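Just so you know, these numbers come straight off a predicted model, no measurement behind them.
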Amino acid sequence: RKNMAVKVTVLLALSLVNMVAARPNILFIVADDLGFGDLGYTGSGIKTPTIDGMAKSGVILGHYYVNLCCTPTRSMIQTGRYNIRYGLQTGVIPNNKAYGLSLNETILPQYLKTAGDYSTHAIGKWHLGVFEWSYTPTFRGYDSFLGYYGGSEDYFTHHNSGMDLHLDIGHNCGKNCSIGLTNYSGVYSTYVYAERAANVLAEHDKTKPIFLYLATQSVHCPIEVPDKYVVPYQHLDPNRRMFAGMVAALDELVGKVVGNFEEHQLWNNTLTIFTTDNGGPVGSKNEHPSGIGCATGAQNYPLRGGKGSYFQGGVRGTSWVHGPMLHQSLRGTTTFELMHCTDWLPTLVDAGKGLEADAGVVYQNPLDGVSHWSFLTTGTTGARTEVLINIERDHSTTAPCQGGPDCKGCNGLGQYVVISGKYKLILGGGGQPNTWYHDGLPYNGTDPTPQGGCIVACSYPSPTGCPAVPNVQLFNVIEDEEERNEISGANPMLVTEMMKLIIKYNNSQYVEALPVTTPLETQCPFNDENGVLTPCEKYIPNATEKYTYGGELTL
């Protein structure tokens with residue numbers, strides 16, 4: 001019996017080695033605007049059996065960070081680099097400004113093709129550039145894309161500033177290739193994404209590994225979902241009721257995609273990553289949203305703040321990793337190894353290399369992310385000790401000014417946030433919202449969705465009498481995840497050491513925020529003759545002529 005046990009142990013070890021060597025398929029799921037307390041396993045009453053099951057049988061990331069809103073996080077996932085390196089540290093990319101993720105950045109699917117000859121497909125939200133075709137997914141390493149280029153659209157009509165649902169198949173699929181899916185008007189977006197994922201996996205060449213980037217629209221506003229998903233939640237208030245249905249539809253989508261992997265015998269070698277792009281948006285007492293984004297009924301309990309702020313409710317990501325290649329010691333656990341969304345690129349590239357140590361991968365630009373592949377597959381100590389959450393030197397929403405047109409940032413300070421080990425230092429107020437919603441209790445949905453509290457962005461008192469927020473705030477976010485105990489006064493030496501980190505990053509490569517420096521542009525993208533939101537073939541600054549389909553100028 002002892003010999004048999006040894007043989008079984010050896011076989012299991014060899015099996016794990018083979019899985020690591022075999023270049024895993026990768027399913028990368030990004031949930032949009034999901035609150036920390038909105039899933040079953042995080043304490044919500046919303047039923048999410050698929051996501052819960054995968055999280056609990058995988059490893060839950062308990063000390064993992066994203067940015068405070070969409071574009072900044074998505075750009076870091078794709079590049080493995082802090083967004084201060086290319087000017088996407090502030091706000092989101094609107095359709096009326098001609099900028100995007102710099103074309104000087106090589107991104108994740110391009111590296112995966114080099115590392116392991118991956119098939120690469122994107123479904124859902126892009127939001128990294130729409131004004132010119134060269135910024136869209138198939139020009140940046142994806143073999144295909146179905147989804148929307150911009151930041152927000154109707155779940156049924158797929159309209160934002162135009163009909164923004166596209167099918168791009170093939171390398172550099174732009175003019176005369178991209179198809180505007182006007183025939184899907186009335187079809188809920190999770191159904192569209194599930195159908196596309198099924199087709200991609202059915203057509204996949206199994207001699208190659210696959211990378212499927214599933215960036216769901218759910219659960220960003222507008223709050224829309226088919227009635228059947230709302231029925232189990234009639235006891236909740238209207239906003240939370242609809243939101244709960246949207247979360248349930250998200251869970252169903254994940255279940256369908258997993259089922260497709262299983263159907264095509266791909267699942268047993270699939271690594272799944274689930275992450276939010278930021279915390280859930282929460283509102284103020286008068287039901288006007290505060291911070292970035294619209295209040296949808298999200299809940300970040302027990303964390304402080306939400307989307308648009310640098311408190312844990314805004315930047316601590318809800319995330320987990322699942323797959324047979326995970327080390328046995330990690331399965332069914334929560335890890336508090338420090339991790340950041342820039343880490344996914346080097347981690348997945350290392351996974352994609354298999355046993356080939358270099359696999360010909362040369363990083364075009366210095367990475368800020370660190371690989372956790374060894375940690376995930378061997379259970380060894382993680383590689384990261386510090387994280388730059390962000391530097392925003394000047395932005396009207398997260399670093400609001402007072403004192404006249406020459407004011408820069410928050411009381412002239414801006415927002416600077418770093419983490420070292422278990423400590424987080426916030427310089428500049430932390431943005432808004434900055435309070436605990438629903439009275440710091442689990443949200444049962446019986447109160448109006450936005451629950452009250454003082455919303456103070458900076459280090460000055462608000463007109464409503466809310467107290468000022470300190471310029472310098474220090475928290476132990478492991479022992480005090482709710483950020484109720486500000487400890488800078490008791491730890492001056494630690495503050496001094498962490499200020500050195502802020503100075504280091506502030507003196508490193510920093511591109512001024514493109515939303516601040518880029519003027520308005522009304523020509524690119526444009527709506528074609530069918531009302532389809534269309535990038536220009538080549539953007540010409542200050543052009544006065546009208547663009548036609550594909551971006552040619554009408555002379």
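A heavy-atom distance below 4.5 Å is not found between the side chains of Tyr82 and Leu367. The shortest distance between side-chain heavy atoms of Leu27 and His322 does not fall below 4.5 Å. Looking only at side-chain heavy atoms (C-beta outward), Tyr118 and Pro109 stay at 4.5 Å or farther from each other.
The backbone N or O of Ile210 lies less than 3.5 Å from no partner atom in the side chain of Thr120, so there is not a single donor-acceptor pair. Looking at Ser319, its side chain never comes within 3.5 Å of a backbone N or O of Leu61 through a donor-acceptor pair. Using a distance-only test at 3.5 Å, with no hydrogens or angles considered, a donor-acceptor pair links the side chain of Gln89 to the main chain of Val511. Between the Gln364 side chain and the Thr106 main chain, a donor and an acceptor come within less than 3.5 Å of each other. Under a 3.5 Å cut-off, the side chain of Lys424 and the backbone N or O of Tyr310 do form a donor-acceptor pair. The main-chain N or O of Arg81 is found under 3.5 Å from a side-chain atom of Tyr86 such that the two form a donor-acceptor pair.
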Full working for side-chain hydrogen bond (donor to acceptor under 3.5 Å, both in side chains) between Gln78 and Tyr111: CA-CA 10 Å; Gln78 295 289 343; Tyr111 284 124; over 6 Å; no

Begin from the C-alpha positions of Glu497 and Tyr423 and carry the test side-chain contact (heavy atoms from CB on, under 4.5 Å) through to its verdict. CA-CA 11 Å; Glu497 288 303 308; Tyr423 296 100; over 6 Å; no

After noting the C-alpha distance and the side-chain angles of Lys422 and Phe336, does the key distance pass the side-chain contact (heavy atoms from CB on, under 4.5 Å) rule? CA-CA 9 Å; Lys422 60 185 179 180; Phe336 290 93; over 6 Å; no

One pair to check against side-chain contact (heavy atoms from CB on, under 4.5 Å): Phe475 and Glu486. What are the steps and the verdict? CA-CA 6 Å; Phe475 299 97; Glu486 199 284 302; 4.0 Å; yes

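A salt bridge does not link Arg316 to Glu483: none of the charged nitrogens lies less than 4.0 Å from a carboxylate oxygen. Checked for salt-bridge contact, Asp38 and Arg240 meet the test: a charged N lies under 4.0 Å from a carboxylate O.
Taking the six-membered ring where the residue is Trp, Phe211 and Phe28 present perpendicular rings, their angle passing 60° and hence far from 30°. Ring pair Phe274/Trp320 is parallel by interplanar angle, where below 30° counts as parallel and above 60° as perpendicular.
Legend: salt bridge (Lys or Arg N to Asp or Glu O under 4.0 Å) pairs involving residues 65-79, not counting sequence neighbours, sorted by first then second residue: Asp32-Arg74, Arg74-Asp277. Applying the salt bridge (Lys or Arg N to Asp or Glu O under 4.0 Å) definition to pairs two or more places apart or across chains, those involving residues 361-374 are Arg85-Asp368. For residues 336-348, the pairs satisfying salt bridge (Lys or Arg N to Asp or Glu O under 4.0 Å) are Asp343-Arg384, with sequence neighbours left out.
Counting heavy atoms of neighbouring residues, nucleotides and ligands inside a 6.0 Å radius, atom NZ of Lys47 does not exceed 12 of them.
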